[in-house]
Amino acid sequence: MGEKIKMSPDGTLVVPEEPVIPFIEGDGTGVDIWPAARLVLDAAAAKHGRSVDWREVLAGEKAYNEVGDWLPQETIEAFDEHLIGIKGPLTTPIGGGFRSLNVAIRQILDLYVCLRPVRWFKGVPSPVKAPELVDMVIFRENTEDIYAGLEVEAMSPEALKLRTLLEDAFGWKIREDSGIGIKPISKTGSQRLQRAALDYAVAKGKSRVHWVHKGNIMKFTEGAFQKWGYELVREEYADVAVAWADCGGDAGDKILVQDAIADIALQQVLTRPAEFEVIGTMNLNGDYLSDALAAQVGGIGIAPGGNANYVTGHGIFEATHGTAPKYAGQDKVNPSSVLLSGVLMFEHIGWQEAADDIVAALEATIGDKVVTYDFARLMDGATEVKCSEFAHAIVDRL
């Protein structure tokens, strides 16, 4: 019988040998990719004398069909109580209800960091010449910017009221047929995200951190994000990090912290990827960057993700792709996204050896050209296998 993961008074996780970890199978292809990922996760844990007491909780279509609720309160309570969880892709209800189930879970639990590591695995087909140079981690803010969802519909009474208020108060003239959104960027939200990025860089021995923003245009939101990031470096991290403006690019043995305008960053991660290691950015920029980078290393089918609150200890790790319902139950799709999200989860709870073993076995499997259909169609001489067979092939190489 498993035990709960707990948060110690000093802010570190206390993880038993058999932790209870809630999971959401996921809609669509979740029925295929979750069992495959779980097989590998269990095998890697067992190799190091550990096990997971998996507890299924419901969300999405499965929850709606079984209990009539897209996101049951019991699911939120389970994630809250056990701190750590993992989930497959979820359907968002159309025509009402939640804007996004994924976003709802993040906001309810205040999972302010969306963690998106992007790296190339040897043998994975890539559209770029040197995908091995792509090895970076994106810290994307999860609660503000467009994810705050503060908007009114064009030509609605609410839009008229807001347009009138803005014109009266600030003299802002907005077209009558405009939808209007509010983009909040706070110092609190910015610096807790930036603090997480800097702590990661210190812990992992990284040498560069970038703040990515559009502060040249949005000076009091994205520009403030950049300013607050540099203030944080000077006030809390001066012993281990230094801003570019304070050292001229010569950081010595400290972490060099610099910034990049979002549109230039999207170009440079393609043309000069080796210069980026850790990126801290707001929600929309992080969305663009993480998917653009994933395309360079094989697509979102092999891109992991996690959502965390480093203050409370909560973390939910998830496949970053959609539900792909037309492939559901066909035992066909690549389970790597949810599997690598499980690797992130293992790293988060301190099971680094098991995480490293999975990565090595995954690389060995792909290196042997034993792959699912998405990679097989892009590789010469590949052996195409089913989703479940791919998982067994990884376990064979653990």
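We count residues from 1, following the sequence as given.
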Any idea which heavy atoms bring Ala243 and Arg234 closest together, and the distance?
CB-NH2, 3.9 Å
Going by atom type alone, with no hydrogens or angles, which donor-acceptor pairs under 3.5 Å involve a side-chain atom of residues 391-398 and a protein atom two or more places apart or on another chain?
unit_1: Arg397; atom_1: NE; unit_2: Asp368; atom_2: OD2; d: 3.0
unit_1: Arg397; atom_1: NH1; unit_2: Ala393; atom_2: O; d: 2.9
unit_1: Arg397; atom_1: NH2; unit_2: Asp368; atom_2: OD2; d: 3.2

Are Val359 and Arg119 side-chain neighbours, meaning at least one heavy-atom pair lies under 4.5 Å?
yes
Of all heavy-atom pairs linking Asp27 and Ala59, the shortest is OD1-O, 4.1 Å
Report yes or no: do Asn65 and Glu61 form a side-chain donor-acceptor pair below 3.5 Å?
no
Within 6.0 Å of CG in Asp239, more than 12 heavy atoms from elsewhere
yes
Qualifying residue, where the test is salt bridge (charged side-chain N to carboxylate O under 4.0 Å, His left out) with Glu222 and the options are Lys214, Lys183, Lys227:
Lys183
Just by modelled atom types, is the Lys122 backbone N or O under 3.5 Å from a matching donor or acceptor in the Glu363 side chain?
yes
Can you tell me how the ring of Phe23 sits relative to the ring of Trp34, calling it parallel under 30°, perpendicular over 60° and tilted otherwise?
parallel
Please assess Asp246 against Tyr230 for the test side-chain hydrogen bond (donor to acceptor under 3.5 Å, both in side chains), listing each intermediate value before the final yes or no.
CA-CA 10 Å; Asp246 298 334; Tyr230 284 137; over 6 Å; no
Considering non-hydrogen atoms only, spot the tightest contact between Glu318 and Ser341 and give its length.
O-OG, 2.7 Å
Are Asp69 and Thr75 packed together at the side-chain level, in the sense that at least one heavy-atom pair is separated by less than 4.5 angstrom?
no
Do Glu176 and Met155 come close enough that some side-chain heavy atom pair is under 4.5 Å?
no
Under 3.5 Å: donor-acceptor pair, side chain of Lys254, backbone of Ala238:
yes
Would you say Leu256 and Trp244 make side-chain contact, with heavy atoms under 4.5 Å?
yes
Could you tell me whether the side chain of Ile33 reaches within less than 4.5 Å of the side chain of Pro89, counting heavy atoms only?
yes
Determine whether more than 12 heavy atoms belonging to other residues, nucleotides or ligands lie under 6.0 Å from atom CD of Gln73.
yes
Does the side chain of Asn285 come under 3.5 Å of the side chain of His213 through a donor N or O and an acceptor N or O?
no
Should Leu293 and Phe276 count as side-chain neighbours, where that means a heavy-atom distance under 4.5 Å?
no
Pi-cation contact, Phe346 with Arg50 (under 6.0 Å, within 45°)
no
Could you tell me how the ring of Phe139 sits relative to the ring of Tyr310: parallel (under 30°), tilted (30 to 60°) or perpendicular (over 60°)?
tilted
Could you report the tightest heavy-atom contact between Leu58 and Pro72, atom names first, then the distance?
O-CD, 3.3 Å
Pairwise side-chain contact, Asn142 with Val113, heavy-atom cut-off 4.5 Å (strictly under)
no
Which residue pairs satisfy the ring-ring contact (aromatic ring centres under 6.0 Å, His included) criterion with at least one member in residues 317-339, sequence neighbours excluded?
Phe317-His348, Tyr327-Tyr373
Look at atom CG of Asp253 and say whether more than 12 heavy atoms of other residues, nucleotides or ligands are closer to it than 6.0 Å.
no
So SG of Cys114 and CD1 of Ile316: to nearest 0.5 Å the spacing works out to 12.0 Å
